[in-house]
Amino acid sequence: MAADSAATTAEKQPLAPAAGKKKVYLFQIDDNIDPRMNRRVRLALEDAARKEADLILIEMDTYGGAVNDADDIRTMLLDLEVPVYVWINKDAASAGALISIATDSIYMAPGSSIGAATVVQGGSGEAAPDKYQSYMRSMMRSTAEAKGRDPKIAEAMVDERLEIEGVTEKGSVITFSVSEAIANGFCEAEVRSVEELLERVGVTDYSLERYEESGVEQVISLFLNPAVSGILILIILGGLYFEIQTPGVGFPLAASIVAVILYFIPYYLNGLAANWEIAVFIVGVLFLFVELFVLPGFGIFGILGIVGVLTGLTLGMLPNDVFDFTFVPGGDLFSALLTVLVSAIVSIIGIFTLAPKVNSWQAFRSVALASTQNRSEGYTSTTYQEELLGQEGIVISRLMPSGRIEIEGEVYDAFSRGEFIDRGERVQVISTEGTSLRVKKIPTDTQEGK
């Protein structure tokens with residue numbers, strides 16, 4: 001009887017236009033509720049509006065997610081003038097329950113459930129502090145009232161302390177099965193498919209439009225992949241390093257800038273990278289340049305620069321609220337940290353491996369040579385002979401670990417054994433490798449003795 005009554009209520013939902021073929025728009029909420037899902041829903045609803053849909057249908061299967069993104073989605077649904085139906089195809093837990101309650105009609109597949117909306121912390125899975133529970137209770141209650149559903153039941157999906165006679169006892173939050181949801185007015189009927197749902201509400205003459213990501217959105221999704229993000233981080237760090245090593249060459253810096261844009265824009269568009277996080281990254285880069293070009297040595301600016309760059313890259317991947325990680329899923333936090341740290345380590349290994357060899361690459365050498373010749377530095381680029389072994393020179397471009405040295409008025413590419421050697425320091429050639437010299441720092445006491 002409850003199912004029939006609820007179905008009758010659903011059939012009374014207004015459909016526009018009153019007659020003729022209906023335009024039904026379908027999209028899925030089939031993953032965690034987070035900034036990415038928030039963006040998907042917004043784009044889908046905008047597309048539905050452009051196509052003048054008469055009915056919007058959501059296929060739901062989620063265990064929940066971020067409360068703030070769920071609030072954004074439920075607000076978008078409450079503001080719509082066209083009817084919105086949801087078909088719960090297995091799960092509408094937590095934030096998914098809130099979004100479902102914000103629709104005009106709820107339908108459920110066999111074996112589905114709705115409820116369990118207690119707010120939990122992303123990392124531990126434990127219940128969040130009461131201020132978050134209170135906010136969720138308020139949203140559940142007000143949303144249920146707006147859609148003519150029992151607000152006490154909606155609130156009891158969050159608060160285990162509530163007791164509703166015949167529905168739930170203290171000590172457990174409400175999670176309804178299909179039959180329980182029907183009996184308590186939180187489901188119109190059990191249906192096995194979208195087509196059965198539409199037939200039940202009397203929509204037989206319709207065209208079904210499904211939301212599909214545009215090519216741009218697919219590209220954005222690709223760049224959100226941690227593996228792709230890791231590659232971009234390699235390019236960012238490597239480009240910065242090699243531009244510092246050969247100022248004025250240009251293309252390492254250009255590659256780094258392009259990688260920064262491709263890295264941050266997808267996360268920014270999806271609400272993950274905030275303005276301040278991008279600013280932290282930029283400030284970190286500036287600190288590094290100050291440390292390398294203004295204050296030779298390695299001190300506080302270098303440390304702050306490294307921290308700023310890595311912090312900006314990491315936080316840009318996460319749905320954190322400034323430094324509040326309460327609702328950041330533990331898996332997302334681990335993935336972001338792992339991606340950035342592994343990429344940074346691989347970058348360091350690559351830099352120390354490739355830096356001594358990069359000047360022997362024809363393409364790089366040609367550009368670097370042209371740039372240097374324009375500065376009239378008397379730069380020498382050739383395959384070095386054994387006679388340079390043991391000779392001493394002066395560092396004219398800081399070795400980090402590669403740079404340039406001057407020997408008897410000639411400028412040569414050189415690299416150290418891993419350490420950074422500042423400008424003005426004296427070095428000795430210990431081996432020749434292609435177009436680059438391997439050198440070691442001459443101890444200060446030896447220099448003074450000379």
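Everything numeric in this text was worked out from a predicted model, so none of it was measured. We use all heavy atoms of the structure for the numbers below, so side chains are in, but hydrogens, waters and symmetry mates are not.
When atom types are taken as modelled, the side chain of D104 and the backbone of Y85 share no donor-acceptor pair closer than 3.5 angstrom. Distance alone, capped at 3.5 Å, places no donor-acceptor pair between the S94 side chain and the G96 backbone. Put simply, the side chain of T103 gets close to the backbone of S100: a donor and an acceptor are under 3.5 Å apart. Of the possible polar contacts, none joining the R423 side chain to the V395 backbone as a donor-acceptor pair under 3.5 Å is found. For Y263 (side chain) and L313 (main-chain N/O), a donor-acceptor pair under 3.5 Å exists by modelled atom type. Judged by distance alone, with hydrogens and angles left aside, the side-chain atoms of D91 form no donor-acceptor pair with the main-chain N or O of A93 at under 3.5 Å. A donor-acceptor pair is defined here as one N or O able to donate and one able to accept, closer than 3.5 Å; no such pair exists between the side chain of D130 and the backbone of Q133. Within the 3.5 Å criterion, the main-chain N or O of D71 finds a donor-acceptor partner in the side chain of T75. Between the side chain of R149 and the backbone N or O of I101, at least one donor-acceptor pair lies under 3.5 Å. Side chain of E277 to backbone of A274: a donor-acceptor contact under 3.5 angstrom is found.
Across all their heavy atoms, A53 and V82 have their closest contact at O-CG1, 3.5 Å.
A side-chain donor from one of D47 and Y25 sits under 3.5 Å from a side-chain acceptor of the other.
Ring-plane geometry between F301 and F287 is classed as perpendicular, the angle between the planes exceeding 60 degrees on a 0 to 90 degree scale with a lower cut at 30.
More than 12 non-hydrogen atoms from other residues, nucleotides or ligands lie less than 6.0 angstrom from NZ of K51.
A salt bridge is defined here as a Lys NZ or Arg NE, NH1 or NH2 lying under 4.0 Å from an Asp or Glu carboxylate O, and D30 with R40 meets this definition. Between R42 and E46 there is a salt bridge, since at least one side-chain N of the basic residue sits less than 4.0 Å from a carboxylate O of the acidic one. Electrostatic pairing of R39 and E217 counts as a salt bridge here, judged by a charged N lying under 4.0 Å from a carboxylate O.
Interatomic distance, CD of E59 versus CD of Q28, reported as 4.5 Å (0.5 Å rounding). We find the CD1-CG distance between I233 and L310 to be 8.5 Å, quoted to the nearest 0.5 Å.
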